[in-house]
Amino acid sequence: MPCLEKPVENNLLPLSVADLTVAYQDKPVLWDIDLDVPSGILMAIVGPNGAGKTTLLKAALGLVPMAAGTVRIFGAPYRRQRRLVGYVPQRGSVDWDFPTSVLDVVTMGSYGSLGWVRRPRRREQEAAMDALVKVGMQDYAHRQISQLSGGQQQRTFLARALVQDAQLYFMDEPFQGVDATTEWAIVTLLKELRSQGRTVVVVHHDLQSVPEYFDWVMLLNVRRVASGPVEEVFTEENLRRTYGGRISTLGLNGRARAQAGS
Amino acid sequence: MNPAELLHQLFFDYTVRTVALGTGILGIVSGALGAFAVLRRQSLLGDAMSHAALPGVVGAFMLTGSKAPATLLLGAAISGLAGTLFMIAITRYTRIKEDAALGIILSVFFGFGLMLLTFLQQNPNARQAGLNTFLFGQAATLLASDVRTMAVLGGGAVALMLVFWKEFKLLSFDRDFGGSLGYPMQGLEILLTGLLVVAIVIGLQAVGVVLMSAMVVAPAAAARQWTNALGKMVGLAAVFGAVSGITGAVLSSTGAGLSTGPVIVLCASVIVAISLLFAPNRGLVWNGLRSRRGRSETGI
């Protein structure tokens, strides 16, 4: 099983994408993307709907075929480095009426290191409980997942990713439709991951909170408009180029605080 | 015939016992694997598969001239799988959506099978007699050797389901996450679909191509009403399938000339109806009572 191969951890970039192009039936979704993500940062990927944000994550994870380009995780192809990568898919991508409990979903985070056929045991369940404590969900361990609120569902997914104990995390809209408590809990968690030297790449929708939550940002609209430290690239000019002028700036604190108009 | 006599037959009549064992096995296998099909929203895939098996049954007879169950079931499996693959190809490479593709495959394959069947029946050659039991099923035709074949194939399918339990759960709940962990999700999907084909094919002789999909969907849908755990749901669906299979086989063997398939499916439907109405938490009666209690407590 590929995910049992020993991954190589090193000083290379956690994520390095070169010339990446992805197309669905001749229509390019991502065009010639170059992206280098340094270690130990929180990076937001922002862009309008249909800009290819989710596709970029999926391409990096080998879930969609690439028409061209390369993706390197700590200097090697993804399939050799899976154990260094954690993934939080969009909350809406699964059926929350599936007959299973919160603890069971979180335990799935150990399936990669378990490998074929082996079942999770006490050790994996304890790791799952620890992760639930970190996201403040320990009291919900044995709940059926359909009884969770949106924020609780999101925290369940985050706990599952924590069980993966990864060096590089991809998170697809973790703030989508969550309550203020969960938003705060997620931000705290992200900062804790960063303080442990881990790297987190987050698809994000709310432009307002980008300067507050993230160090780096990538502006994406099929092509890469810009990427780099928030102070440098999160500018009105770049936002306008990304969203095509449908931007109303608020201009607070001299920073380009902006919100996507519809 | 009264219930005591029926029970007596079940235990002491060799034919009835053989038939009930066979339909019990098919109920267990289709119930357990049907649970995964229902959870993956592929209930209709089972319907298309079983209808698509008919030309395989008739075609296998025409090619070999043999009515040996192994031959006919192999034909059924090949054409059922071919139908499924065509369907996947249609949804992937054309603009036709899944429901329409299902409809196309189901009617084209089933129509072709019926055509072959009627063509054979016009032939003076009488050896084809009995093939049309594959339409509605005739459990009375099950021999001990057929039941052995069903037990081996069905047991193998259930065993594989248990071996890859964790992987199939991942596939059913969160395919992308499973893919990111490095499991070959497409391969697992093909394996699980293949196991479903086995479950359907071993039931064709007793239940028939027209109604076999009910044995995939009904026990699983009923089981979902009673539990929130995947393991319990699969186990319960297997039990419901077995109970329907055995009860239906015994009832239809009373000699009233009833086809076994419809009786088995009616038994399963009764279980579904009871489950939809009375299951705690999800049942309609329970929900009705709860909302009424809620109203009276809030004084509305």
Side-chain angles (χ1 to χ4, degrees), chain A residues 1-5 7 25 54 57-58 60-64 78-83 85-91 93-105 107-120 124 142-147 157 160-161 164 166 169-170 172, chain B residues 32 34-43 91-95 159-188 191 220-237 275 279-282:
Chain A
M1 162 126 203
C3 67
L4 281 181
E5 282 178 32
Q25 290 172 347
T54 296
L57 291 198
K58 287 191 174 175
L61 291 160
L63 296 174
V64 295
Y78 177 66
R79 66 190 145 70
R80 275 174 45 202
Q81 305 283 47
R82 290 183 207 283
R83 298 275 296 280
V85 179
Y87 177 40
V88 180
Q90 268 182 38
R91 181 162 59 87
S93 66
V94 304
D95 172 17
W96 288 95
D97 196 35
F98 195 84
T100 187
S101 68
V102 169
L103 185 63
D104 197 37
V105 171
T107 308
M108 286 178 191
S110 68
Y111 283 13
S113 55
L114 276 172
W116 284 105
V117 178
R118 277 178 60 207
R119 303 286 175 90
E124 283 76 26
H142 299 288
R143 281 285 175 94
Q144 149 71 11
I145 57 171
S146 65
Q147 296 168 359
F157 262 15
R160 182 175 71 175
Q164 292 185 273
Y169 280 103
F170 292 110
D172 202 343
Chain B
F36 279 100
V38 165
L39 287 175
R40 300 183 59 229
R41 296 165 196 268
Q42 292 199 324
S43 314
T91 32
R92 183 165 301 171
Y93 298 114
T94 72
R95 291 174 162 273
L160 278 174
M161 178 195 79
L162 293 175
V163 167
F164 294 111
W165 181 265
K166 175 178 105 232
E167 287 77 11
F168 287 151
K169 182 163 72 178
L170 207 49
L171 172 71
S172 310
F173 177 64
D174 197 344
R175 190 195 167 103
D176 279 348
F177 184 71
S180 82
L181 295 180
Y183 290 98
M185 298 320 267
Q186 185 143 23
L188 285 168
L191 177 61
R224 181 69 188 89
Q225 292 290 107
W226 299 93
T227 174
N228 277 327
L230 180 63
K232 285 182 193 157
M233 178 181 164
V234 170
L236 209 50
S275 305
N281 291 320
R282 294 175 86 96

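Below, read A as the first sequence line, B as the second, and so on, with proteins coming before strands; counting in each chain starts at 1.
- Between A:Asp104 atom CG and B:Phe173 atom CZ the span is 9.0 Å, to the nearest 0.5 Å.
- Proximity to chain A is limited to the backbone of B:Arg92, based on heavy atoms less than 4.5 angstrom apart.
- The number of heavy-atom neighbours closer than 6.0 Å to CZ of B:Arg95, taken from other residues, nucleotides and ligands shown, is 12 or below.
- A:Tyr111 places no side-chain N or O within donor-acceptor distance of the main-chain N or O of B:Tyr183, the cut-off being under 3.5 Å.
- Heavy-atom contacts from other residues, nucleotides or ligands closer than 6.0 Å to CD of B:Gln186 number 12 or fewer.
- Residues meeting the ring pair (Phe, Tyr, Trp, His ring centres under 6.0 Å) test with A:Tyr78, sequence neighbours left out: none.
- Rounding to the nearest 0.5 Å places CD of A:Gln144 at 10.0 Å from CG of B:Asn281.
- When all heavy atoms of A:Gly115 and B:Glu167 are compared, the closest pair comes out as O-OE2, 4.0 Å.
- Contact of B:Arg175 with chain A is not made at all, since no heavy-atom distance falls under 4.5 Å.
- Residues A:Val117 and B:Val163 form a side-chain contact, since some pair of their non-hydrogen atoms from C-beta on lies under 4.5 Å apart.
- Closest heavy-atom contact between B:Gly179 and A:Arg82: O-NH1, 3.7 Å.
- Residue A:Val88: no heavy atom, backbone or side chain, is found under 4.5 Å from chain B.
- Using a 4.5 Å cut-off between heavy atoms, B:Phe177 touches chain A through backbone and side chain atoms alike.
- The distance from the CG atom of A:Asp95 to the CZ atom of B:Arg41 is 4.5 Å, given to the nearest 0.5 Å.
- Side-chain contact between A:Tyr87 and B:Asp176 is present, with heavy atoms from C-beta onward closer than 4.5 Å.
- One distance of note links OG of A:Ser101 with CG of B:Asn228; it measures 9.5 Å at 0.5 Å rounding.
- Put simply, the side chain of B:Lys166 reaches to within 4.5 Å of the side chain of A:Pro120, judged on heavy atoms.
- In this structure the side chain of A:Gln164 reaches within 4.5 angstrom of the side chain of B:Leu181, judged on heavy atoms.
- Side-chain contact check for A:Val85 versus B:Ser180: every heavy-atom pair is 4.5 Å or farther apart.
- Of all the listed residues (B:Met233, B:Lys232, B:Arg224), the one sharing the greatest number of non-hydrogen pairs under 4.5 Å with chain A is B:Arg224.
- Heavy atoms closer than 4.5 Å to chain B are found in both the backbone and the side chain of A:Asp97.
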